[in-house]
Amino acid sequence: MPTPPIPSPASAASGGALAGLRVLDLSRVLAGPYCAQMLADHGADVIKVEPPAGDETRGWGPPFVAPDTSAYYRNLNRAKKNIVVDLSAPEGRDILDALLRDTDVLVENFKAGTLAKWGYADEDLRQRHPALIHCRITGFGAEGPLGGQPGYDAVLQAYGGLMSVNGEQDGPPLRVGVPVVDQVTGILAFSGILLALHERHRSGLGQLVDCTLLDTAVSLLHPHSAAYLADGTVPRRTGSAHPSIAPYDSFAAADGPVFVAVGNDRQFGALADVLGLPGLVDDPRFRANADRVRHQGELRAALAEAIAGHTRADLTARLTARGIPASPVHDVAEALTASQVRHRGLVVESDGYRGLASPVSLSRTPARVRPEVRGAGADTRDVLAAAGLDEEFIGTAAERGVVRLAEPSAGGDDG
């Protein structure tokens with residue numbers, strides 16, 4: 001497959017930075033679909049291939065936005081064509097062959113060995129489709145002592161050490177409250193694909209983008225990993241406090257929690273002044289950051305009493321005016337309705353669709369949220385016909401249950 005031409009500035013601006021890029025999304029659940037959705041938001045033509053049983057996240061609710069579509073699924077699979085194909089059947093693999101002929105990027109998260117069993121081992125893909133960017137997402141990788149083992153976000157938070165540093169000091173290890181490993185893996189996969197595409201413009205060749213949840217989890221351990229590798233000390237849980245900066249913690253204000261982040265001695269002096277505690281600056285326990293970290297307990301007690309007399313909004317305003325980073329600790333509703341979040345356009349509302357915008361902002365070729373989420377198999381007939389498969393083949397495959405020919409969408413329209 002030849003390297004696709006670089007779009008003209010006019011076509012790129014109208015269709016997004018990735019206009020003309022063809023992506024086949026064979027992934028399910030979170031990391032892969034999120035990666036493919038980011039590609040779609042930036043203009044790529046993405047075809048999502050679901051097995052007959054469907055992506056299991058369609059049922060991960062309530063809430064549901066359609067009888068067979070959860071809010072969870074909808075916010076990971078917008079702007080994608082949808083086809084249903086049983087790739088385990090010979091006819092399904094014929095369909096995959098036809099689709100791969102015009103594909104730039106393949107995103108998949110099959111159990112290790114599945115594609116090879118179907119005749120698509122890495123070396124086979126390289127030989128048959130030398131320009132293909134193949135993005136593989138797995139839990140632990142394909143090889144090694146745990147190679148091939150399945151992995152969900154929370155399992156990798158546990159295995160990769162994240163849970164051990166999350167939670168209160170005297171409490172148990174906790175899972176981070178969002179699927180951070182899955183989501184960051186999706187972002188890293190997106191980044192890896194862009195790196196491979198950039199290199200392909202020079203070489204004309206594709207390559208494997210190998211992402212694992214394990215690699216992501218371990219990469220997120222900073223600064224705990226840096227500290228352990230420096231002196232061998234096993235990090236402990238510190239709640240919302242920072243292990244090497246103080247004060248950098250949440251406190252109870254008069255009307256709820258507030259977070260205060262002091263990164264240097266100047267900021268600490270300003271904090272003491274705002275709180276009416278000038279004596280803290282000259283206290284030998286708190287003069288420098290290292291002193292404050294060693295005496296976090298005493299420092300927290302002194303600050304907590306003073307902060308308790310302020311409201312969140314008043315204290316945040318006074319601190320930020322003095323150059324001290326601070327914020328109320330928002331719940332999800334407060335965060336998604338916050339003025340700066342709305343100003344940045346992070347919440348998208350269009351024709352009944354409500355979701356989050358792409359976190360990558362480009363000035364000349366911005367992402368465009370196309371909110372339609374297609375029903376399972378809604379585009380099977382059109383996509384297979386465009387791939388050169390005739391109506392007789394499509395009809396026979398449908399009769400045998402290899403493909404599903406279905407009607408329209410699960411919320412929103414192609415806006």
Please check: side-chain N/O of Q157 versus main-chain N/O of V176, any donor-acceptor pairing under 3.5 Å? yes

message: If you count heavy atoms of other groups shown closer than 6.0 angstrom to CZ of R237, is the number above 12?
response: yes

Between D379 and the options K81, K80, R374, the side-chain hydrogen bond (donor to acceptor under 3.5 Å, both in side chains) test singles out R374

CZ (R74) and CD (Q37) are apart, to the nearest 0.5 Å, by 11.0 Å

**Message:** side-chain contact (heavy atoms from CB on, under 4.5 Å) for T316 and L319? Distances and angles first, verdict last.
**Reply:** CA-CA 5 Å; T316 297; L319 292 179; over 6 Å; no

Between Y34 and N75, is the side chain to side chain donor-acceptor pair (under 3.5 Å) condition met? List the steps.
CA-CA 9 Å; Y34 184 46; N75 281 274; over 6 Å; no

Is there a donor-acceptor pair closer than 3.5 Å between any side-chain N or O of S70 and the backbone N or O of T57? yes

*Donor-acceptor contact present, side-chain E50 to main-chain D55, <3.5 Å*: yes

* Asked: Stepwise, does the ring pair (Phe, Tyr, Trp, His ring centres under 6.0 Å) test hold for Y248 with F259?
  -> CA-CA 7 Å; Y248 194 100; F259 197 93; 5.4 Å; yes

Do L174 and M163 touch side chain to side chain, with heavy atoms closer than 4.5 Å? no

(request) Determine, step by step, whether T185 and D182 satisfy the side chain to side chain donor-acceptor pair (under 3.5 Å) criterion, reporting the C-alpha distance in whole Å, the side-chain angles of both residues, the deciding distance to 0.1 Å, and the verdict. (result) CA-CA 5 Å; T185 300; D182 268 334; 5.5 Å; no

Note to self: Can you tell me if E298 has over 12 outside heavy atoms packed within less than 6.0 Å of its CD?
What the structure shows: yes

Rounded to the nearest 0.5 Å, the CG atom of L115 sits from the CZ atom of R93 at a distance of 11.0 Å

Of all heavy-atom pairs linking Q296 and A246, the shortest is CG-CB, 3.8 Å

In terms of heavy-atom contacts, Q267 and G323 come closest through NE2-O, 3.2 Å

Donor-acceptor pair, side chain of N109 and main chain of I137, under 3.5 angstrom: no

Could you tell me whether a side-chain N or O of T103 sits under 3.5 Å from a main-chain N or O of L106, the two making a donor and an acceptor? no

Pair R400 + D86, salt bridge at N-O below 4.0 Å:
no

**Prompt:** For residues S240 and D249, is any side-chain donor paired with an opposing acceptor at under 3.5 Å?
**Reply:** yes

- Salt bridge check: are R322 and D273 linked by an N-O gap of less than 4.0 Å? yes

Query raised in the report: Step by step, would you call I47 with I83 a side-chain contact (heavy atoms from CB on, under 4.5 Å)?
Result: CA-CA 7 Å; I47 299 171; I83 69 176; 4.1 Å; yes

Strictly distance-based, threshold 3.5 Å: is any side-chain N or O of R404 a donor or acceptor partner for the main-chain N or O of P52? yes

Between V29 and L76 the two heavy atoms that sit nearest each other are O-CD1, 3.4 Å

Heavy-atom count check: over 12 atoms from other residues, nucleotides or ligands less than 6.0 Å from R344 CZ?
no

Next on the checklist: Within the 4.5 Å heavy-atom criterion, are N82 and T380 side-chain neighbours or not?
Outcome noted: no

request  = Please check if the side chain of D291 supplies one atom and the backbone of A288 the other of a donor-acceptor pair under 3.5 Å.
outcome  = yes

The reported gap from CD1 in I193 to CE in M38 (rounded to nearest 0.5 angstrom) is 10.0 Å

Parallel, tilted or perpendicular: which fits the ring planes of Y72 and W60, with parallel below 30° and perpendicular above 60°?
perpendicular

Worksheet item: Do V23 and D104 come close enough that some side-chain heavy atom pair is under 4.5 Å?
Response: no

* Asked: Tell me, do V348 and R354 make a side-chain contact under 4.5 Å, heavy atoms counted?
  -> no

Worksheet item: Taking the side chain from S350 and the backbone from Y353, do they hold a donor-acceptor pair closer than 3.5 Å?
Response: no

Flag the pair L18 / L194 as yes when at least one side-chain heavy-atom distance between them is below 4.5 Å, and no otherwise. yes

Side-chain contact, heavy-atom cut-off 4.5 Å: L208 with I133? no

Rounded to the nearest 0.5 Å, the CZ atom of R292 sits from the CZ atom of R294 at a distance of 11.0 Å

Value for CG (D283) from CG (L299), rounded to nearest 0.5 Å, stands at 9.0 Å

Quiz item: Should R126 and L205 be marked as a side-chain contact (heavy atoms from CB on, under 4.5 Å) after you check the CA-CA gap, both sets of side-chain angles, and the distance that decides it?
Solution: CA-CA 9 Å; R126 280 194 298 271; L205 298 174; over 6 Å; no

(Q) I'd like to know if D45 pairs up with R22 as an ion pair, taking the criterion as any Lys NZ or Arg NE/NH1/NH2 lying under 4.0 Å from an Asp or Glu carboxylate oxygen. (A) no

Under 6.0 Å from the ring centre and within 45 degrees of the ring axis: does the NZ or CZ of R58 meet both conditions for the six-membered ring of Y73? yes

For V373 and N77, the nearest pair of non-hydrogen atoms, with its separation, is CG1-O, 4.0 Å

Is a donor on one side and an acceptor on the other found under 3.5 Å between the side chain of R342 and the backbone of L336? yes

- request: Please report the C-alpha distance between F140 and Y159 in whole Å, then the side-chain angles of each, then the deciding distance to 0.1 Å, and finally whether the ring pair (Phe, Tyr, Trp, His ring centres under 6.0 Å) criterion is met.
  value: CA-CA 10 Å; F140 292 89; Y159 188 89; 5.2 Å; yes

* To do: May I ask you to check whether over 12 heavy atoms, not counting those of E349, lie within 6.0 Å of atom CD?
  => yes

Next on the checklist: side-chain contact (heavy atoms from CB on, under 4.5 Å), that's the test. Do V403 and V84 meet it? Break it down for me.
Outcome noted: CA-CA 5 Å; V403 303; V84 172; 6.0 Å; no

Just wondering, do S358 and R368 contact through their side chains at under 4.5 Å, heavy atoms? no

message = Could you tell me if the side chain of V258 sits less than 4.5 Å from the side chain of I307, heavy atoms only?
response = yes

One pair to check against salt bridge (Lys or Arg N to Asp or Glu O under 4.0 Å): R128 and E123. What are the steps and the verdict? CA-CA 9 Å; R128 288 149 59 185; E123 57 272 19; over 6 Å; no

| request: Verify whether one side chain among Q207 and H134 offers a donor that lies under 3.5 Å from an acceptor in the other. | output: no

Rounded to the nearest 0.5 angstrom, the OG-NE2 distance for S203 and H198 is 10.5 Å

Check R287 with D265, please: is the shortest side-chain N to carboxylate O separation under 4.0 Å?
no

L156 and G139 have their tightest heavy-atom pair at CD1-O, 3.9 Å

Minimal heavy-atom distance between A338 and H330, with the atoms involved, is CB-CE1, 4.4 Å

**Report entry** Whether S164 side chain and G161 backbone form a donor-acceptor pair below 3.5 Å
**Finding:** yes

